[in-house]
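In what follows, a single structure is set out as structure tokens and then discussed.
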Amino acid sequence: MWVFESPALSSPLRNYISLFVSLAKSRSLVYGFVIATLGTFLIATSAHAINFSVAIRLLVSVYAIALATYVYNDLTDQEIDHRNEKKKSSGIQQDQYLQTRNYVVFFFALSNILAFSINWQTGLADSLAVALAIVYSHPKTHLKDKFILKTVITGSGGFIASIMGSLAVGNVPPLAFVASFTVFLFYFLLGPLGDITDMKGDKEAGRRTIPIVIGIPKSFFLMTSVVLFIASMIVASYFIFGLNIISMVIGLTICSYAIIQIKTTSKIFFNKEKMNKTRTILRFSFFGIQLALMSGALLSSVI
């Protein structure tokens, strides 16, 4: 007879499963890291002779570390979220704290084991990402409260997760690096945009975010500059790294649309609902650019 049939044992198991589903639903944006990693993986392999065992371990590893990073941040950030009038983004209740912490440890460990099972380069990159996640949110270091470091560290974590796709096959072509660096840059776009909506709570907590330090107008100027720099990278990739022209046009079109959205939002930054909608639009724009770079690399290798 299966032990899970016992009500005494099945209840805790159901609680853990229910909590995992809640955490996974509340942090659906972690799939962005998985998409970025898959993109660099396909670029590095040119979609030829794909090792599906490596691909599965890689994507599960990246998903696990991304989810653990966000949930760990939620565990250490609930007070400030309350000041910013947010719902608890991770769905964490007081009586679920211990279970959630166990999940964080489990997913960090799972990610590291899977990464090292691929090769030592991927494992080392994963270990670095775990270290960044911990020092970013840990109460003793709390680097998320440090000006610029907050955005640099989150961007670096995204870069590492993305470049793991190339490290997994032992090949880092220029377009894979460009795609990964795009992930890094996007945090200087999405980060300040989110910080503008959180300025009240951040000021009360003594945080020095980009909008607080340089002001809202300059923050929007920074966002526009980031998109223009990404656009220049796309053009350079066409002339230097052989990006397909169709993918270049798609990438530039998405960048143009993103700039229009930023310009429009800069006039209504006081509207939280509109700001959150713009963040969602820009997040999907990021996915579009990643897909454009990935498809461009694949088309160039075929033609």
Side-chain angles (χ1 to χ4, degrees), residues 16 19-42 44 51 53-77 89-92 99-139 141-144 149-170 172 176-177 179-184 186-187 190-191 283 286-287 290:
Y16 268 101
L19 177 58
F20 170 74
V21 172
S22 174
L23 296 175
K25 284 183 177 180
S26 66
R27 282 305 187 181
S28 58
L29 57 86
V30 300
Y31 292 107
F33 292 94
V34 178
I35 292 173
T37 305
L38 177 61
T40 54
F41 178 78
L42 293 176
N51 187 322
S53 173
V54 170
I56 292 172
R57 281 178 285 159
L58 171 68
L59 298 181
V60 173
S61 175
V62 171
Y63 178 82
I65 192 174
L67 182 61
T69 297
Y70 277 109
V71 174
Y72 180 57
N73 182 66
D74 288 332
L75 287 175
T76 62
D77 208 24
S89 55
S90 63
I92 300 170
Q99 290 178 324
T100 305
R101 189 180 63 180
N102 291 341
Y103 260 129
V104 169
V105 174
F106 170 74
F107 281 122
F108 274 145
L110 175 65
S111 176
N112 212 230
I113 292 170
L114 290 175
F116 271 107
S117 74
I118 297 172
N119 58 42
W120 69 267
Q121 298 98 323
T122 307
L124 187 62
D126 186 89
S127 297
L128 180 57
V130 171
L132 287 177
I134 293 174
V135 299
Y136 176 81
S137 297
H138 196 279
T141 49
H142 241 236
L143 295 185
K144 62 185 175 183
L149 280 179
K150 172 185 178 180
T151 308
V152 170
I153 290 177
T154 52
S156 298
F159 174 86
I160 292 171
S162 180
I163 206 69
M164 282 172 62
S166 290
L167 295 176
V169 295
V172 186
F177 184 86
S180 298
F181 193 60
T182 300
V183 179
F184 174 82
F186 252 89
Y187 279 93
L190 297 178
R283 191 174 293 123
F286 157 70
F287 294 155
Q290 291 291 103

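Only heavy atoms go into these numbers, but all of them, side chains included; no hydrogens, no water, no symmetry mates. For clarity, every value in this text was computed on a predicted model and none was experimentally measured.
Nearest approach of Leu75 to Thr100, heavy atoms of both residues: CD2-CG2, 3.8 Å. Shown here for Ala125 and Met164, the closest heavy-atom pair between the two residues is CB-CG, 3.8 Å. Heavy-atom minimum distance, Arg283 versus Leu190: N-CD2, 4.2 Å. Contact between Phe107 and Ala68 at its shortest, heavy atoms only, is CB-CB, 3.8 Å. When all heavy atoms of Phe116 and Ser127 are compared, the pair lying nearest together is CE1-OG, 3.4 Å.
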For Val183 and Phe286: C-alpha separation, side-chain torsions, deciding distance, then whether side chain to side chain contact (heavy atoms under 4.5 Å, CB included) applies. CA-CA 8 Å; Val183 179; Phe286 157 70; 3.7 Å; yes
Given side chain to side chain contact (heavy atoms under 4.5 Å, CB included), test Tyr70 with Val30 step by step and report yes or no. CA-CA 8 Å; Tyr70 277 109; Val30 300; 3.5 Å; yes
Please test Thr69 against Ile65 for side chain to side chain contact (heavy atoms under 4.5 Å, CB included), starting from the C-alpha separation and ending with a verdict. CA-CA 6 Å; Thr69 297; Ile65 192 174; 4.1 Å; yes
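If you take OG1 on Thr76 and OH on Tyr136, they are separated by 9.0 Å, rounding to the nearest 0.5 Å. For the atom pair CZ of Phe177 and OG1 of Thr182, the computed distance is 10.0 Å after rounding to the nearest 0.5 Å. One finds the OG atom of Ser166 at 4.5 Å from the CD1 atom of Ile163 (value rounded to the nearest 0.5 Å). Put simply, CD1 on Ile35 and CG on Leu59 are 10.5 Å apart, with the number rounded to the nearest 0.5 Å. Put simply, OG on Ser53 and CG on Leu58 are 11.0 Å apart, with the number rounded to the nearest 0.5 Å.
Applying the side chain to side chain donor-acceptor pair (under 3.5 Å) criterion to Asn51, with sequence neighbours excluded, gives no partner residue.
Ring geometry for Tyr72 versus Phe108: interplanar angle over 60°, hence perpendicular rather than tilted (30 to 60°). Between Tyr103 and Phe106, the ring planes are perpendicular. Angles over 60° get that label, and only those under 30° would be called parallel.
The side chain to side chain contact (heavy atoms under 4.5 Å, CB included) test with Ser61 singles out one residue from Asp126, Ile118, Asn112, and that residue is Asp126.
A side-chain hydrogen bond (donor to acceptor under 3.5 Å, both in side chains) check over residues 150-162, counting only residues at least two apart or in different chains, returns the pairs Lys150-Asp195, Ser162-Ser180.
No close placement of the Phe186 and Phe159 rings is indicated, their centers lying 6.0 Å or farther apart. The distance between the ring centers of Phe33 and Tyr63 does not fall below 6.0 angstrom.
At least one donor-acceptor pair closer than 3.5 Å links the side chain of Thr37 to the backbone N or O of Ala161.
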